[in-house]
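To start, the structure itself, in structure tokens.
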Amino acid sequence: MQREGWPEPGDLVVCTVDQVLDFGAFVTLDEYVDRKGFIHISEVASGWIKYIRDHVREGQKIVCKVLNVDKSKHHIDLSLKDVNEHQRREKIQAWKADLKAWKWLQMAYEGREEDLKRVKDTLMKNYSSLYGALEEAAMSGEESLSESGLTEEDIKIISRLAKENVKIPTVEISGYVDLRSFAPDGVEIIKKALKQAKRIRDKDATLEIRYVGAPRYRIKVIAPDYKHAEAALKKSAQAAIKYIEQHGGEGAFVREA
């Protein structure tokens with residue numbers, strides 16, 4: 001799957017090495033239609049390079065940073081040394097996710113090449129990536145596509161693809177509540193306090209509460225992002241503490257490190 005146009009300086013791009021010479025390497029930008037780039041030997045690796053082929057070779061997939069784009073000369077200067085390992089892994093992962101999203105679209109619009117191109121171009125115009133568009137649809141439903149310029153049929157097709165194929169990213173955090181009751185029916189009061197902790201209204205967060213050892217209980221929260229998860233964890237703990245204190249007991253919250 002390729003896009004029209006040009007990358008911007010600072011962008012990370014996936015490339016295939018076409019030719020390696022003593023002074024640098026020529027590459028093809030895999031994500032763009034008919035775009036070539038050049039990596040000068042000084043941008044291949046830090047320090048002095050004795051043999052450039054120790055660092056790049058023909059046919060290799062690499063991730064480069066765009067340094068300069070000269071559209072009039074159809075020339076793109078790239079750097080390999082300016083991309084660290086973490087950036088490389090993230091970019092390759094995102095690129096592979098986009099390839100998967102493109103295959104899903106191809107299957108959904110099989111035999112409808114014009115519609116396929118129209119939908120691809122529309123999604124690429126409105127979102128950072130094809131997979132990003134499907135991920136948004138998976139998390140927010142058809143409403144997230146309502147202003148994209150797609151037809152109602154397109155929106156239903158993309159929403160179905162997202163629901164069937166995209167795993168919504170989540171985060172998991174935990175904390176503890178210490179609950180003490182000095183009443184004769186203290187065990188029941190603590191049980192009811194924990195029920196209050198589970199009753200927080202948040203359809204996007206999943207809670208699990210487990211006994212650790214008197215007087216401690218562990219609250220685990222799974223949510224779409226850390227901010228959301230932290231808010232749900234805090235609400236849950238506060239609900240339990242409020243109930244236990246209203247019934248003459250003591251409660252405290254401890255965030256898991």
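Computed from a predicted structure; not experimentally measured.
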Are the side chain of Arg180 and the backbone N or O of Gly186 linked by a donor-acceptor pair below 3.5 Å? no
State plainly whether the residues Lys117 and Asp121 are in salt-bridge range, i.e. N to O under 4.0 Å. yes
Asp77 side chain to Asn68 backbone, donor-acceptor under 3.5 Å: no
Are the side chain of Arg53 and the backbone of Val20 linked by a donor-acceptor contact shorter than 3.5 Å? yes
Below 30° counts as parallel, above 60° as perpendicular, anything between as tilted: where do the rings of His75 and Phe38 land? tilted
Show me the side-chain donor-acceptor pairs of residues 159-173 shorter than 3.5 Å, one per line, residues at least two apart or across chains.
unit_1	atom_1	unit_2	atom_2	d
Ser159	OG	Ile155	O	2.8
Asn165	ND2	Leu161	O	2.9

Ion pair check, Arg118 and Glu114, cut-off under 4.0 Å: no
Hey, can you pull the donor-acceptor pairs under 3.5 Å for the side chains in residues 217-230, sequence neighbours left out?
unit_1	atom_1	unit_2	atom_2	d
Arg218	NH2	Ser174	OG	2.8
Asp225	OD1	Lys227	N	3.2
Asp225	OD1	His228	N	2.7
His228	NE2	Asp202	OD1	3.0
His228	NE2	Asp202	OD2	2.8
Glu230	OE1	Arg255	NE	3.3
Glu230	OE2	Arg255	NE	3.3
Glu230	OE2	Arg255	NH2	2.7

Pair Asp18, Thr28: side-chain N/O donor-acceptor within cut-off below 3.5 Å: yes
Checking Ser181 side chain against Ile189 main chain: does a donor-acceptor pair fall under 3.5 Å? no
May I ask you to decide if Asp70's main-chain N or O and His74's side chain share a donor-acceptor pair within less than 3.5 Å? no
Using a 3.5 Å distance criterion without hydrogens, assess whether the side chain of Asp82 forms a donor-acceptor pair with backbone atoms of Lys65. no
Mind checking the CG-CG spacing from Leu134 to Asp98? Nearest 0.5 Å is all I need. 9.0 Å
Go through the steps for Glu250 and Lys242 under the test salt bridge (charged side-chain N to carboxylate O under 4.0 Å, His left out), then give the verdict. CA-CA 9 Å; Glu250 296 176 350; Lys242 180 179 179 181; over 6 Å; no
Answer yes or no: is there an ion pair linking Glu188 with Lys191, defined by an N-O contact shorter than 4.0 Å? yes
Quick one: does any side-chain atom of Asp11 pair with a main-chain N or O of Glu8 as donor and acceptor, under 3.5 Å? yes
Does the pair Glu208/Arg210 count as a salt bridge with the N-to-O cut at 4.0 Å? yes
Has Gln2 got a side-chain atom pairing as donor or acceptor with Asp30's backbone, closer than 3.5 angstrom? yes
Are Leu179 and Ile200 joined in one hydrophobic group, where the rule is that I, L, V, M, F, W and Y side chains link up if heavy atoms are under 4.5 Å apart? yes
Charged N to carboxylate O under 4.0 angstrom, Lys91 versus Glu31? yes
